[in-house]
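Side-chain atoms are counted along with the backbone in the values below, which use heavy atoms only and exclude waters and symmetry mates. In what follows, chains are A, B, ... by sequence order, proteins preceding strands, each numbered from 1.
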Amino acid sequence: MTTTESKPAPNFIRAMVAEDMKTGRWDGRVVTRFPPEPSGYLHIGHAKAICISFGIAAEYGGTCHLRYDDTNPIKEEQEYIDSIKHDIRWLGFDWGEHEYYASDYFDQLYEWAIQLIRDGKAYVDDQPAEEIRHTRGTLTTPGRESPYRNRSVEENLDLFQRMKAGEFPDGTRVLRAKIDMASPNMNMRDPVIYRILHQSHPRTADKWCIYPMYDFTHGQSDSIERITHSLCSLEFEDHRPLYDWFCENLGIYHPQQTEFARLNLTHTIVSKRKLNQLVKDGHVRGWDDPRMPTLSGMRRRGYTPEAIRNFCDRIGVTKYNSITDIGLLEHTLREDLNKRSPRVMAVLRPLKVVIENYPEGQVEEMDAVNNPEDPAAGTRKVPFSRELYIEQEDFMEDPPKKFFRLAPGREVRLRYAYFITCTDVVKDDAGNVIELRCTYDPATRGGDAPDGRKVKGTLHWVSADESLPAEVRRYDHLFTKANPNEVEGRQDFTANLNPDSLKVLSDCRVEPSVVGAEAGTRYQFERQGYFCVDPDSTGEKLVFNRTVALRDTWAKMQKAGKV
RNA sequence: UGGCCCGUGGUGUAAUCGGUAACACACCUGGUUUUGGUCCAGGCAUUCCAAGUUCAAGUCUUGGCGGGCCAGCCA
């Protein structure tokens with residue numbers, strides 16, 4: 001298998017790790033982690049994070065842990081835990097033995113909470129949520145201290161233990177860190193670190209009715225696992241002081257958190273909440289709908305892990321909030337697919353062609369190259385006969401100057417077969433072209449004219465009788481606008497959903513060589529694009545997803561009005 | 001009128017201790033071609049602005065301007 005694995009460009013994180021290795025800051029260790037919350041499916045944005053954390057660890061012979069940040073049982077499910085593992089493996093990464101769950105640390109976390117209380121650095125607050133919100137202050141004004149802030153250690157200990165014992169209903173009390181209600185950083189204004197949630201957990205079942213918050217879990221989990229470089233996205237920058245505060249005040253091993261910008265892609269949404277909404281509201285067929293930017297959707301669409309990894313290597317890593325052109329993703333996809341996909345001929349919108357001077361009942365087996373990029377892929381036979389199908393858009397009755405395809409009186413080449421000339425056009429009562437009458441030149445067998453005459457166009461085709469029926473699902477961007485969040489008035493991002501993101505072509509014909517192809521098999525349909533077999537395929541009818549179209553200079557010319 | 005972070009071509013990135021802007025995508029030209037694909041050649045930026053330091057500034061300093069994030073008992 002030929003693939004193009006590009007090297008990741010230098011970036012500030014790599015530079016930092018290289019420096020740490022040089023100075024021996026972590027005794028030569030590199031331990032990173034990928035910490036998903038199992039509350040949804042992984043998407044292309046996660047792929048970037050995965051490539052960074054797993055990639056850097058691998059580069060330095062270190063390890064990258066898979067750790068589920070499962071501290072909120074209200075949102076988390078086993079289904080997500082399973083899909084996440086599957087997707088990371090598919091992407092090509094391996095966490096080995098290092099599969100962890102923050103929930104495995106709940107006992108330790110509880111002990112640390114007790115420690116903070118004993119040290120006078122945490123207290124139980126009886127204020128309701130609204131009151132806590134009110135007294136937190138605003139971005140420009142300091143917060144007010146809770147009246148419960150100075151309870152005795154004994155009372156705090158007692159209350160916290162009773163919270164754990166299930167004596168209080170949800171929302172009635174929380175444990176807060178005692179830091180600084182006047183801090184300009186909202187995260188430091190006595191953050192809530194434990195809340196009461198009488199909710200069964202996918203892993204710990206009903207053992208707990210209090211659950212630690214992210215801030216009280218993440219850094220400590222990193223610490224327990226002796227992570228060296230805790231790489232996360234920019235929105236956690238403001239949380240780093242808190243991360244550091246817990247490590248310092250607990251007196252535990254202290255990893256380095258470093259933030260980078262998350263991926264934004266044009267015409268795409270990468271927000272778990274919004275992706276969830278698309279699924280729940282039925283805008284797409286599920287998490288693995290081929291239009292979704294989820295790894296499962298992209299897999300079903302026909303993306304290769306290599307293409308995604310290459311993409312991630314090329315977008316770089318910075319602290320700048322950028323929006324990457326989805327064209328780059330499509331480029332790395334084509335680049336990979338071009339090298340590995342066997343070529344095949346398929347007609348998506350069939351137009352019948354009858355070769356009048358070709359013997360009735362005769363079928364010839366034409367030799368076709370499987371992959372011009374890979375001689376080792378060999379050749380195959382494609383049946384040719386008197387009645388064929390070509391693409392409707394490959395014929396024009398009154399073509400513009402630069403149209404190189406078939407038209408009345410024009411001669412073109414049928415790929416790997418013969419030169420044919422259109423002699424007549426058959427129409428229905430409505431005036432639609434329903435059939436072409438043509439003649440062929442027997443001397444051009446294989447596609448070359450012995451007399452050296454040239455044709456401008458080469459068309460793909462299938463034999464009417466020998467070809468197989470198929471359905472093709474043609475996808476376009478899920479959102480019409482480059483920035484789907486750009487809406488007017490009260491609209492939300494769904495207002496930018498592309499009504500033509502899925503176009504089903506149900507009367508397609510494919511050459512017989514693909515018979516029985518298994519779901520996931522990829523092909524290039526010559527002159528059209530890359531396609532893969534969808535699991536919806538049946539014995540009677542293959543269903544294909546268009547992974548990505550070939551570059552189409554002709555379409556571009558038409559669009560630019562240069563025709 | 002708080003704090004933190006960021007600002008290099010249309011886009012995304014690169015540029016060792018300051019040394020005279022590189023790569024990719026996109027776009028435009030042209031060439032090759034039995035895929036209007038691939039491939040090949042060429043074109044496309046005075047680094048947000050303004051001062052300052054320096055022989056020399058994308059890199060350092062100061063001041064502007066612009067953008068992002070933060071007021072969940074989400075992560």
Expressed in whole Å, how much space separates the [atom1] atoms belonging to [N] and [M]?
{"N": "B/G3", "M": "B/C60", "atom1": "C1'", "result": "25 Å"}
{"N": "B/G9", "M": "B/A14", "atom1": "P", "result": "13 Å"}
{"N": "B/G58", "M": "B/C70", "atom1": "P", "result": "35 Å"}
{"N": "B/G42", "M": "B/A56", "atom1": "P", "result": "35 Å"}
{"N": "B/C25", "M": "B/U35", "atom1": "C1'", "result": "23 Å"}
{"N": "B/C44", "M": "B/G10", "atom1": "P", "result": "14 Å"}
{"N": "B/A24", "M": "B/A45", "atom1": "C1'", "result": "16 Å"}
{"N": "B/C55", "M": "B/G18", "atom1": "C1'", "result": "12 Å"}

message: Closer than 3.5 angstrom, by distance alone: can the side chain of A/Asn187 be matched with the main-chain N or O of A/Asp238 as a donor-acceptor pair?
response: yes
message: For the backbone of A/Ala307 and the side chain of A/Thr304, can you confirm whether one donor and one acceptor N or O come within less than 3.5 Å of each other?
response: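 Yes, A/Thr304 side chain to A/Ala307 backbone: donor-acceptor pair under 3.5 Å.
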Looking at the side chain of [X], which of [options] is the nearest nucleotide?
{"X": "A/Thr318", "options": "B/C5, B/U13, B/C74", "value": "B/U13"}
{"X": "A/Asp238", "options": "B/C69, B/G12, B/U35", "value": "B/C69"}
{"X": "A/Asp325", "options": "B/A75, B/U35, B/U11", "value": "B/U11"}
{"X": "A/Leu139", "options": "B/G2, B/U35, B/A24", "value": "B/G2"}
{"X": "A/Asp552", "options": "B/G7, B/G36, B/G3", "value": "B/G36"}
{"X": "A/Tyr320", "options": "B/U35, B/G7, B/U29", "value": "B/G7"}
{"X": "A/Asn321", "options": "B/G68, B/G12, B/U35", "value": "B/G68"}
{"X": "A/Met213", "options": "B/C6, B/U38, B/C73", "value": "B/C73"}
{"X": "A/Glu37", "options": "B/U29, B/G7, B/C74", "value": "B/C74"}
{"X": "A/Ile315", "options": "B/C70, B/G12, B/C74", "value": "B/G12"}

Base, sugar-phosphate, or nothing: which does [X] touch, judged by heavy atoms less than 4.0 Å apart?
{"X": "A/Asp215", "result": "nothing"}
{"X": "A/Phe403", "result": "base"}
{"X": "A/Lys454", "result": "nothing"}
{"X": "A/Pro128", "result": "base"}
{"X": "A/Glu330", "result": "nothing"}
{"X": "A/Arg551", "result": "sugar-phosphate"}
{"X": "A/Arg136", "result": "sugar-phosphate"}
{"X": "A/Thr217", "result": "nothing"}
{"X": "A/Thr140", "result": "base"}
{"X": "A/Ile74", "result": "nothing"}
{"X": "A/His239", "result": "base"}
{"X": "A/Lys456", "result": "nothing"}
{"X": "A/Arg405", "result": "base"}
{"X": "A/Gln127", "result": "base"}

Is there a donor and acceptor pair, one atom on the side chain of [X] and one on the base of [N], closer than 3.5 Å?
{"X": "A/Arg343", "N": "B/U35", "value": "yes"}
{"X": "A/Glu373", "N": "B/G37", "value": "yes"}
{"X": "A/Gln528", "N": "B/U35", "value": "no"}

May I ask which nucleotide in the shown strands pairs with [N], Watson-Crick or G-U wobble, both distances under 3.5 Å?
{"N": "B/C69", "result": "B/G3"}
{"N": "B/C60", "result": "B/G52"}
{"N": "B/A22", "result": "B/U13"}
{"N": "B/U35", "result": "none"}

With a 4.0 Å cutoff (strictly under), does any side-chain N or O of [X] reach OP1 or OP2 of [N]?
{"X": "A/Lys75", "N": "B/G72", "value": "no"}
{"X": "A/Arg262", "N": "B/C69", "value": "no"}
{"X": "A/His460", "N": "B/U35", "value": "no"}
{"X": "A/Thr141", "N": "B/G2", "value": "no"}
{"X": "A/Thr458", "N": "B/U35", "value": "no"}
{"X": "A/Arg273", "N": "B/A75", "value": "no"}
{"X": "A/Arg144", "N": "B/A71", "value": "no"}
{"X": "A/Lys556", "N": "B/A26", "value": "no"}
{"X": "A/Arg314", "N": "B/G12", "value": "no"}
{"X": "A/Ser322", "N": "B/U13", "value": "yes"}

query: Are any non-hydrogen side-chain atoms of A/Gln524 and A/Glu373 less than 4.5 angstrom apart?
result: no
task: Run the salt-bridge test on A/Arg240 and A/Glu237 with the 4.0 Å N-O cut-off and return the result as yes or no.
output: no
field: Residues A/Ser146, A/Gln127; criterion side chain to side chain donor-acceptor pair (under 3.5 Å); working and verdict
entry: CA-CA 8 Å; A/Ser146 167; A/Gln127 296 182 110; 3.2 Å; yes
message: Using the ring centroid of each side chain, check whether A/Tyr243 and A/Phe236 are separated by less than 6.0 Å.
response: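 Between A/Phe236 and A/Tyr243, which both carry aromatic rings, the centre distance is not below 6.0 Å.
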message: Please classify B/G72 as syn or anti, treating any glycosidic angle within 90° of 0 as syn.
response: syn
query: In residues 168-182 of chain A, what residues come within less than 4.0 Å of RNA chain B, judged by heavy atoms?
result: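 Correct list: A/Gly171, A/Val174.
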- request: For A/Trp287, check ring pair (Phe, Tyr, Trp, His ring centres under 6.0 Å) against everything at least two apart and list the hits.
  value: A/Tyr41
task: Could you tell me which residues satisfy side chain to side chain contact (heavy atoms under 4.5 Å, CB included) with A/Cys312, sequence neighbours excluded, listed by chain and number?
output: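 Side chain to side chain contact (heavy atoms under 4.5 Å, CB included) check on A/Cys312 returns A/Ala47, A/Lys48, A/Cys51, A/Ile308.
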- request: Would you please determine if the base of B/A75 is stacked by A/Tyr214, with stacking meaning a centroid separation under 5.5 angstrom and planes under 30 degrees?
  value: no
query: Can you check side chain to side chain donor-acceptor pair (under 3.5 Å) on A/Ser233 and A/Arg262, steps first, answer last?
result: CA-CA 6 Å; A/Ser233 47; A/Arg262 53 197 268 175; 5.0 Å; no
- request: With A/Glu391 as reference, evaluate A/Arg349, A/His460, A/Arg527, A/Arg405 under the side chain to side chain donor-acceptor pair (under 3.5 Å) test and give the passing residue.
  value: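 Among A/Arg349, A/His460, A/Arg527, A/Arg405, the one that satisfies the side chain to side chain donor-acceptor pair (under 3.5 Å) with A/Glu391 is A/His460.
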